[in-house]
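See below for the structure under consideration.
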Amino acid sequence: MSKINITFPDGSLREFRKRVTGLEIAQGISPGLSKEALAVEVNGEVWDLGRSIDQDATVRILKWDDEGGKATYWHSSAHLMAEAIESLFPATKFGIGPPIENGFYYDIDLGDHALTADDLARIETKMTELASRDVPYTREEKSWTDAVAYFKKKKDPYKLELLDELKGETITFYHQGNFTDLCYGPHIPSTGRIKAIKLLSVAGAYWRGNEKNKMLQRVYGVTFPTRKELDVHLFRLEEAKRRDHRKLGQELELFLLTPKVGGGLPLWLPKGTIVRETLEQFLREEQKKRGYLPVVTPHIGNIGLYKTSGHYPYYKESQFTPVEVEGDLYLLKPMNCPHHFQIYSARPRSYRDLPIRLAEFGTVYRYEQSGELSGLIRARSFTVDDSHMFVRQDQLKDELVSVITLIQYVFKTLGFEDFRTRLSFRDPKNMEKFGGKEELWVRAEKDITEAAQEANLDHFVGIGEAAFYGPKIDFMVRDVLGRTWQLGTVQVDYVMPERFGLEYVGSDGRKHRPVVIHRAPFGSLERFIGIMIEHFAGEFPLWLAPVQAVLLPITDQYHTYAEDVQREFKDAGIRIELDDRNEKVGYKIREWETKKVPYMLVVGEKESSSNTLSVRIHKQGDRGAVDRKEFLRNLLKTIETKSLTLQE
RNA sequence: GCUGGCGUAGCUCAGUGGUAGAGCAGCGGUUUCGUAAACCGCAGGUCGUCGGUUCAAAUCCGACCGCCAGCUCCA
């Protein structure tokens with residue numbers, strides 16, 4: 001019998017007989033490992049544990065904790081769900097059923113029947129029953145013709161469509177129990193590995209993601225090797241719901257969304273406005289230090305501006321209908337840039353003036369589809385912390401690096417340590433989406449890449465994610481739901497300066513074209529604050545908290561002392577309230593705890609006679625009496641340093 | 001925009017064909033109180049809107065509007 005060499009991740013090498021399977025290798029290492037093994041990575045490809053390896057290879061046994069292991073597990077779970085669905089609804093036609101970040105789905109066509117919550121429960125029960133049979137997932141190679149014959153007999157148009165694109169190739173089928181699916185695999189060894197099952201939701205999804213195609217029903221589910229892991233996962237989903245910025249925004253009276261004003265048009269309530277203005281003030285100060293020049297521009301502009309910029313032709317569908325004024329058409333501005341370009345062009349510029357950095361918290365209006373609106377995170381009116389920087393080519397890279405540094409500083413200050421950056425480039429295969437000359441794009445993509453390297457940005461490239469006028473660096477953060485949101489953005493633009501004929505006079509006395517950098521660290525204040533609310537679960541750091549402290553007198557005998565403290569703290573700039581209602585202190589504490597106010601200051605006989613405050617910190621409880629002057633100093637310091645944690 | 005689910009008091013929710021309910025919030029009193037809910041009372045609703053079925057509709061049917069999830073989209 002011939003032998004093959006298997007290399008392991010730690011570099012060690014072992015000899016096995018030819019046609020050894022992943023499972024046998026795992027067994028050879030330890031029985032425990034073979035029990036936990038879900039799949040095997042062979043030369044970087046994920047394989048079934050039962051598939052034989054017939055030549056030298058680098059092999060890694062994949063368990064639940066490995067990305068590939070989890071994906072295989074969920075992929076197999078999707079097949080199990082399909083089997084359950086088919087047994088309950090025999091006429092079902094199947095689309096695709098892949099693993100996703102947190103579970104799996106299967107797109108199915110049930111004809112006229114719309115799945116109900118009861119159906120989901122039935123399918124779930126059936127899955128549990130099918131899983132407990134503990135039958136193997138088996139792989140079978142078939143000729144293309146045989147595969148087509150099988151699905152013709154089954155009358156499954158979706159699988160036939162998929163097969164159409166695999167013409168002539170060897171096709172793999174996977175079987176488990178009574179279910180057979182067209183599938184690349186790989187799969188876990190047997191259904192018995194799937195112990196805890198939860199079907200989460202059903203939603204419509206266009207076949208192959210194309211809105212011209214039929215809409216199928218997409219069933220989402222998640223499975224785990226133990227009940228406990230499922231419970232943890234479900235708890236996390238609940239936690240995400242608790243943190244939902246729309247719910248907290250209402251409870252904490254931060255903002256209001258009402259159909260009476262219109263979908264996606266948030267109204268900022270006094271408490272939310274404090275958060276927003278504090279953030280603005282923070283960025284304004286940072287920008288002032290860095291030589292930005294504040295400007296203010298109107299909310300509408302002549303449509304000619306957007307025809308020149310290209311926004312109108314490119315994004316006609318996502319803008320509000322223009323309004324006619326004295327024979328001219330005006331657009332609610334979808335972007336601030338054209339206005340800023342007019343400010344730049346208002347007088348001749350010298351090379352000595354550059355870079356010029358115009359900054360504005362500019363509110364823009366975009367007509368998002370109704371189904372897309374989502375609280376503050378996706379709105380129809382939002383404010384961009386916009387800046388347009390007009391630079392010479394030789395200043396571009398330094399300017400980009402300094403912008404990246406500012407954004408990193410802003411994120412870090414706000415506690416977003418875990419963000420990633422994407423270099424968003426155009427898609428060479430889909431050029432009609434992108435405007436401007438080829439050589440300008442090449443140059444801009446090069447500039448961005450170099451700046452990212454120089455700034456030591458941990459980045460990845462997103463093809464086709466560019467703006468129509470230029471490539472971008474997008475800053476993305478992950479929220480509690482595990483979703484990634486795009487926040488800040490930096491864009492290099494050679495196209496707009498051309499379209500708007502922007503110029504400066506160089507040292508040679510001739511006219512030159514500046515490069516424009518568009519940038520917004522927050523991106524949209526609405527979206528940023530929405531994500532921040534979820535990030536902090538409504539418990540803002542002291543410097544951002546709408547109410548920073550509240551005084552709770554025990555009885556009305558201490559109101560005078562409390563008023564005195566309030567006046568002193570207010571004069572020092574603290575946002576402090578006095579709860580002088582006729583209620584017991586326990587009642588007041590409960591209420592202010594739910595309002596997530598950082599500090600509660602209880603005052604009674606003891607405090608008023610010793611000039612102290614009994615400090616209670618949100619979620620931490622009573623910290624005892626503190627000298628009032630000392631406490632004020634600490635508060636001011638915590639605010640000044642924008643500390644993310646509370647001090648005593 | 002598409003598919004599905006949901007719309008009852010300011011909020012959270014109960015009410016499956018027969019006189020619209022509870023808790024919290026609000027308002028009026030009483031209580032003067034030490035770290036997460038004192039007590040009594042009052043007020044508050046065209047049951048999203050419009051139409052239909054019925055002796056009778058929050059409840060059944062239809063259309064529309066809004067919200068939520070997902071899909072498509074996202075300068």
Side-chain angles (χ1 to χ4, degrees), chain A residues 100 105 107 114-117 119-120 200-220 241 244 246-247 250-251 253 257-260 262-263 306 309-319 333-337 364 366-375 377-380 384 424 433-435 465-470 472 485-486 489 491 493 495-496 518 520 524 527 552-559 582-595 600-607 614-625:
Chain A
I100 50 176
Y105 67 78
D107 283 348
L115 284 179
T116 62
D119 291 331
L120 285 193
L200 298 164
S201 64
V202 54
Y206 300 108
W207 167 238
R208 316 207 81 182
N210 186 331
E211 64 185 318
K212 290 189 184 76
N213 287 343
K214 180 167 181 180
M215 185 167 266
L216 307 180
Q217 296 187 64
R218 177 171 294 179
V219 186
Y220 286 91
K241 256 191 224 163
D244 190 312
R246 290 165 298 193
K247 188 176 145 75
Q250 180 186 287
E251 283 172 10
E253 301 181 283
L257 282 160
T258 164
K260 285 182 182 142
Y306 307 99
S309 73
H311 287 107
Y312 189 68
Y314 270 92
Y315 296 102
K316 205 164 173 245
E317 274 71 53
S318 44
Q319 289 162 183
K333 64 176 173 184
M335 294 296 280
N336 297 306
C337 10
V364 298
R366 297 179 189 174
Y367 178 74
E368 305 286 358
Q369 294 184 51
S370 59
E372 273 321 311
L373 301 175
S374 178
I377 286 174
R378 197 81 182 270
R380 282 179 176 158
V384 183
S424 299
K433 246 184 98 178
F434 306 100
E465 303 284 349
F468 77 87
Y469 51 78
K472 313 184 278 178
W485 292 107
Q486 183 187 317
T489 176
Q491 311 173 4
D493 183 1
V495 175
M496 293 294 160
H518 308 241
S524 136
R527 164 177 288 194
L552 310 178
I554 303 272
T555 72
D556 51 17
Q557 297 163 56
Y558 310 108
H559 284 186
N582 178 10
E583 293 290 353
K584 291 168 83 168
V585 72
Y587 177 90
K588 294 180 184 180
I589 284 169
R590 179 186 157 78
E591 195 164 290
W592 293 99
E593 278 287 345
T594 64
K595 289 184 180 171
M600 276 159 273
L601 309 171
V602 177
V603 296
E605 180 54 38
K606 209 169 49 182
E607 292 79 9
S614 276
V615 177
R616 183 190 168 95
I617 303 182
H618 174 61
K619 281 172 85 180
Q620 295 179 32
D622 190 3
R623 316 306 298 222

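Within every chain, numbering begins at 1; the chains are lettered A, B, ... in the order of the sequence lines, protein sequences first and strands thereafter.
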Has the side chain of A/Ser614 got a donor or acceptor that lies under 3.5 Å from a partner of the other kind on the base of B/rG34? yes
Taking donor-acceptor contacts at under 3.5 Å, does the side chain of A/Glu607 reach the base of B/rG34? yes
Among [options], which nucleotide has an atom closest to any side-chain atom of [X]?
X: A/Met215; options: B/rU3, B/rG1, B/rG34; value: B/rU3
X: A/Lys584; options: B/rG4, B/rA38, B/rC11; value: B/rA38
X: A/Ala203; options: B/rA69, B/rG34, B/rA75; value: B/rA69
X: A/Thr555; options: B/rC33, B/rA75, B/rC73; value: B/rC33
X: A/Tyr206; options: B/rC71, B/rA36, B/rA75; value: B/rC71
X: A/Asp556; options: B/rC11, B/rG70, B/rU32; value: B/rU32

Under the criterion side chain to side chain contact (heavy atoms under 4.5 Å, CB included), I'd like the reasoning laid out for A/Gln319 against A/Tyr367: C-alpha separation, chi angles, the key distance, then a yes or no. CA-CA 5 Å; A/Gln319 289 162 183; A/Tyr367 178 74; 5.5 Å; no
Round to a whole Å and report the spacing from [atom1] of [X] to [atom2] of [N].
X: A/Glu591; N: B/rA37; atom1: CD; atom2: C1'; result: 9 Å
X: A/Ile589; N: B/rG34; atom1: CD1; atom2: P; result: 11 Å
X: A/Arg380; N: B/rA75; atom1: CZ; atom2: C1'; result: 17 Å
X: A/Lys247; N: B/rC13; atom1: NZ; atom2: P; result: 8 Å
X: A/Leu257; N: B/rG7; atom1: CG; atom2: C1'; result: 17 Å

Which base sits across from B/rC39 as a Watson-Crick or G-U pair, both distances under 3.5 Å?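 Base partner found: B/rG29.
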When you measure from the side chain of [X] to the backbone of [Y], do you find a donor-acceptor pair of N or O atoms at a distance under 3.5 Å?
X: A/Arg380; Y: A/Leu373; answer: no
X: A/Arg366; Y: A/Ser318; answer: no
X: A/Glu607; Y: A/Gly604; answer: yes

OP1, OP2 of [N] versus side-chain N and O of [X]: anything below 4.0 Å?
X: A/Ser318; N: B/rC74; value: no
X: A/Tyr587; N: B/rA25; value: yes
X: A/Arg246; N: B/rC68; value: yes

[atom1] atoms of [N] and [M], separation to the nearest Å:
N: B/rG4; M: B/rA75; atom1: P; result: 29 Å
N: B/rU12; M: B/rG45; atom1: C1'; result: 16 Å
N: B/rA56; M: B/rC64; atom1: P; result: 26 Å
N: B/rA43; M: B/rG29; atom1: P; result: 16 Å
N: B/rA36; M: B/rU59; atom1: P; result: 45 Å
N: B/rG28; M: B/rA14; atom1: C1'; result: 28 Å
N: B/rC13; M: B/rG51; atom1: C1'; result: 29 Å
N: B/rA57; M: B/rG15; atom1: C1'; result: 14 Å

Under 4.0 Å, heavy atoms only, any strand: does [X] hit a base, just the sugar-phosphate, or nothing?
X: A/Gln250; value: sugar-phosphate
X: A/Lys606; value: base
X: A/Gln557; value: sugar-phosphate
X: A/Gly604; value: base
X: A/Arg378; value: base
X: A/Gln319; value: base
X: A/Gly310; value: nothing
X: A/Arg616; value: base
X: A/Pro259; value: sugar-phosphate
X: A/Tyr220; value: sugar-phosphate
X: A/Val585; value: sugar-phosphate
X: A/Gly586; value: sugar-phosphate
X: A/Thr116; value: nothing

All heavy atoms of A/Gln491 vs all of A/Ala467, minimum pair found to be OE1-CB, 4.1 Å
List the atom of A/Ile617, the atom of A/Glu593, and the distance in Å for their closest heavy-atom pair.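 Shortest heavy-atom separation between A/Ile617 and A/Glu593 comes out as O-OE2, 4.0 Å.
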Can you spot which of A/Val202, A/Ile100, A/Leu120 makes a side-chain contact (heavy atoms from CB on, under 4.5 Å) with A/Tyr220? A/Ile100
